[in-house]
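Beneath this line is the structure, given in structure tokens, with notes to follow.
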Amino acid sequence: MKRLLFSLIVACLWGNIAISATIVPHIMAYDLCVAQSGNDYTFTFFANTQPVSGKLLFHTISGDLLGEYTITQPLQSGNNSITIPTSALPSSHSTIAWSLQLSAASNPQFGIIYEGEVCTRAYATINNHPESDYFGHIYLANRKGVGLCQIQAFDYAYQPTFATDNAYITFNSTGRPAIDSEGYIYWPDWGDLKSGITIMDPVDYSEKQFFSGIQNDDNGAWYNSFSKTDLGSSCSGVAIYGSGKDTKLYAMNEDVGEYQQLPKKGFVIYQLGNEDGTISRQWKTAPSQVVAVEDNNTNGNFAIVACSHGAWLCQHTLTNKAGTYALMFYDHQGTRQFASTDATLINGSNGAGIALNREENLLAMVNADGNILLFDIAWKGDCPTLSLHATYPTPFNAIGSMHFDYAGNLITTSGNNFGGSKDDLRLVIYSTPMDNNTIVVPARTSQHILRSSTDISYTPISSNTSTPTKFIRNGHIYILHRGKTYNMLGF
């Protein structure tokens with residue numbers, strides 16, 4: 001019935017005339033590549049919807065804009081190829097970073113842009129890291145019964161690229177996954193039998209357990225028996241914030257552990273980043289930080305989202321009251337700075353789906369009715385204030401996981417049943433209304449344009465120095481020789 005009502009709402013949006021407007025995605029570009037051929041450079045990319053205009057933006061390595069090239073040829077949804085002459089590139093730099101700006105038609109309404117096959121207890125995540133070769137890829141865990149779970153992967157065009165067989169038994173009860181800046185997928189398990197966090201390589205889908213210790217399959221605890229240290233336990237969801245040396249893994253924690261050193265139904269933080277920029281993906285000591293969640297009669301079925309201010313927690317609950325707040329925020333010191341005390345605004349959360357945009361000023365969550373609430377966030381230090389931006393009815397009753405993609409589309413697992421034997425979540429992607437549908441996407445470092453020295457302009461600057469001398473001014477290298485200074489920008 002709710003799906004029928006949703007269709008009627010869409011059809012009647014423009015008044016009494018039954019017009020169903022086309023849902024336009026937030027425009028996005030993936031797989032940005034460049035190749036040189038003679039005196040030309042060819043840029044290729046994939047657009048998720050029809051662009052109406054585009055530009056190539058050229059930058060220094062540090063991000064300063066050098067110039068731009070307006071694309072005049074028609075662009076299309078799907079694969080695009082743009083060829084420009086070398087003369088269209090900035091002439092003073094040997095290494096040029098670049099990005100792509102695309103604009104598309106505005107989207108007047110909320111709606112579905114993709115819906116996958118019905119699964120059961122399904123959770124998904126998306127790679128939002130432009131430097132990754134798997135930028136835009138989506139990974140979904142489909143629990144097919146106790147001890148059975150299928151892992152599925154989709155590319156940026158939502159086409160399946162990988163799936164384990166239906167008898168896949170690595171997991172007992174998967175939780176909500178996350179992806180680090182190098183593309184590795186972290187799959188938590190909420191079941192005691194196979195508790196822990198399994199890390200999957202995006203290249204060959206090989207796996208390894210994050211915890212290095214002993215696992216107690218009776219209570220889900222992971223521990224180090226030599227140091228008598230608790231490492232972690234059953235986990236309903238993880239989140240990752242930062243990259244390189246600043247990488248941190250946030251994990252919901254169900255139980256106190258073998259030595260009772262962990263917060264029951266709280267969360268823990270693991271500092272994965274090393275000083276040399278590498279990321280540790282195996283852990284054998286205590287968590288870097290433990291945070292107890294206030295009001296200890298929570299049910300423990302949480303999603304967690306990490307950001308520069310701390311961590312958002314969303315709890316699966318059909319009520320919203322003290323002890324079972326649907327939404328909370330904790331700062332870096334582990335102090336709760338927000339709780340959803342207004343039950344008229346947030347009446348619960350069926351499935352605990354929650355998402356935060358890249359700018360950290362928009363938060364989306366599912367309420368008890370399966371509708372999506374979108375909040376504007378104002379920050380004062382690490383303390384957030386939420387203002388309701390919009391309420392979007394969906395054709396479903398529950399959302400088990402939710403993420404914004406890089407452009408702002410909502411990647412969810414949605415369905416009508418959650419938390420029982422009739423779970424029917426599936427991958428559903430929504431677009432939200434927007435007037436200015438424009439995105440700027442950076443190309444990977446591997447796609448920087450490297451030009452030979454014969455292509456570089458040398459601009460004379462007057463000087464009285466006749467001996468060849470190298471010096472640096474404003475971050476650029478200059479050569480003084482025979483009374484003239486030549487700029488060597490980019491070297």
Side-chain angles (χ1 to χ4, degrees), residues 26-36 41-48 54-66 79-80 93-102 124-139 153-157 161-162 177-186 199-206 238-250 271-281 305-308 355-360 403-409 411 439-450 490:
H26 291 248
I27 191 166
M28 187 59 202
Y30 292 107
D31 200 19
L32 278 62
C33 296
V34 62
Q36 183 181 12
Y41 284 85
T42 298
F43 299 81
T44 57
F45 61 90
F46 176 91
N48 69 337
K55 289 182 180 180
L56 296 169
L57 307 176
F58 303 111
H59 309 265
T60 63
I61 301 303
S62 59
D64 296 327
L65 183 65
L66 295 172
N79 293 315
N80 291 268
H93 283 61
S94 61
T95 302
I96 301 174
W98 61 280
S99 55
L100 176 68
Q101 177 179 303
L102 291 179
T125 188
I126 183 170
N127 185 327
N128 277 330
H129 303 287
E131 274 294 312
S132 170
D133 290 338
Y134 300 91
F135 179 39
H137 286 221
I138 296 170
Y139 303 88
F154 302 83
D155 65 14
Y156 46 73
T161 59
F162 170 80
I179 298 177
D180 70 23
S181 60
E182 295 179 359
Y184 284 79
I185 308 102
Y186 294 64
I199 301 178
M200 179 177 282
D201 190 320
V203 178
D204 59 8
Y205 301 103
S206 58
V238 295
I240 293 176
Y241 183 77
S243 61
K245 69 177 183 179
D246 299 318
T247 304
K248 291 182 179 181
L249 170 65
Y250 292 68
Q271 175 64 47
L272 303 188
N274 302 308
E275 282 301 316
D276 62 0
T278 58
I279 298 175
S280 296
R281 297 189 178 92
V305 175
C307 68
S308 63
L356 185 69
N357 70 343
R358 288 189 293 124
E359 296 78 13
E360 300 183 357
H403 297 269
F404 283 103
D405 71 8
Y406 194 86
N409 300 295
I411 313 298
I439 189 72
V440 175
V441 184
R444 291 164 289 176
T445 302
S446 64
Q447 298 302 311
H448 285 178
I449 300 169
L450 306 178

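Just so it is clear, the values below take in all heavy atoms, side chains as well, and ignore hydrogens, waters and symmetry mates. Note that the coordinates shown come from a computational prediction; the quantities given were computed from them, not determined experimentally.
Atom CG in Leu32 sits 5.0 Å away from atom CG in Leu100 (nearest 0.5 Å). The OH atom of Tyr250 sits 11.0 Å away from atom CD1 of Ile240, with the distance rounded to the nearest 0.5 Å. Rounding to the nearest 0.5 Å places CG of Asn48 at 6.5 Å from CG of Asn409. For the atom pair Asn79 CG and Phe45 CZ, the distance stands at 9.5 Å (nearest 0.5 Å). Distance OG/Ser132 to OH/Tyr184: 10.5 Å, rounded to 0.5 Å. Atom-to-atom distance recorded for Gln36:CD and Thr42:OG1 is 10.0 Å, nearest 0.5 angstrom.
In plain terms, the two heavy atoms of Val238 and Leu249 that are nearest each other are CB-CD1, 3.9 Å. Taking both residues in full, the closest heavy atoms of Ile179 and Tyr139 are given as CD1-CD1, 3.6 Å, listed atom of the first, atom of the second, then distance. In terms of heavy atoms, Arg281 sits closest to Ile199 at O-CD1, 3.4 Å. Residue Asp31 comes nearest to Arg444 through the heavy atom pair OD1-NH2, 3.6 Å, listed as atom of the first residue, atom of the second, then distance. The nearest pair of heavy atoms linking Gly244 to Ile279 is O-CG1, 4.0 Å. Among all heavy-atom pairs drawn from Leu102 and Ala29, the shortest one is CD1-CB, 3.8 Å.
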>> What verdict does the side chain to side chain contact (heavy atoms under 4.5 Å, CB included) test give for Leu65 and Leu57, after you've listed the backbone C-alpha separation in whole Å, the side-chain angles of each residue and the deciding distance to 0.1 Å?
In response: CA-CA 7 Å; Leu65 183 65; Leu57 307 176; 4.2 Å; yes
> Step by step, would you call Ile411 with Ile138 a side chain to side chain contact (heavy atoms under 4.5 Å, CB included)?
Replying inline: CA-CA 9 Å; Ile411 313 298; Ile138 296 170; 4.0 Å; yes
>> Let's go through Thr60 and Leu66 carefully: what are the C-alpha distance in whole Å and the side-chain angles of both, what is the deciding distance for side chain to side chain contact (heavy atoms under 4.5 Å, CB included) to 0.1 Å, and is it a yes or a no?
In response: CA-CA 7 Å; Thr60 63; Leu66 295 172; 3.6 Å; yes
> Yes or no on side chain to side chain contact (heavy atoms under 4.5 Å, CB included) for Tyr41 and Trp98, after CA distance, side-chain angles and deciding distance?
Replying inline: CA-CA 12 Å; Tyr41 284 85; Trp98 61 280; over 6 Å; no
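Glu360 places no side-chain N or O within donor-acceptor distance of the main-chain N or O of Cys307, the cut-off being under 3.5 Å. One N or O on the side chain of His403 and one on the backbone of Ala124 form a donor-acceptor pair closer than 3.5 Å. Put simply, the side chain of Asp180 never gets that close to the backbone of Tyr186: no donor and acceptor are under 3.5 Å apart.
No hydrogens or angles considered: a donor-acceptor pair under 3.5 Å links the side chains of Asn274 and Ser280.
Scanning for ring pair (Phe, Tyr, Trp, His ring centres under 6.0 Å) contacts around Tyr406 gives Phe135, with sequence neighbours left out. Applying the ring pair (Phe, Tyr, Trp, His ring centres under 6.0 Å) rule to Tyr241 yields no partners; only residues at least two apart in sequence or on another chain are considered. Residues passing the side chain to side chain donor-acceptor pair (under 3.5 Å) test with His59, sequence neighbours excluded: Ser99.
The pair Arg358-Asp405 fails the salt-bridge criterion, with no side-chain N (NZ, NE, NH1 or NH2) lying under 4.0 Å from an Asp/Glu carboxylate O.
A heavy-atom distance below 4.5 Å is found between the side chains of Phe43 and Ile449. For the pair Glu182 and Asn127, the minimum side-chain heavy-atom distance is 4.5 Å or more.
Between Tyr156 and His137, the two ring planes are perpendicular [angle over 60°; tilted spans 30° to 60°].
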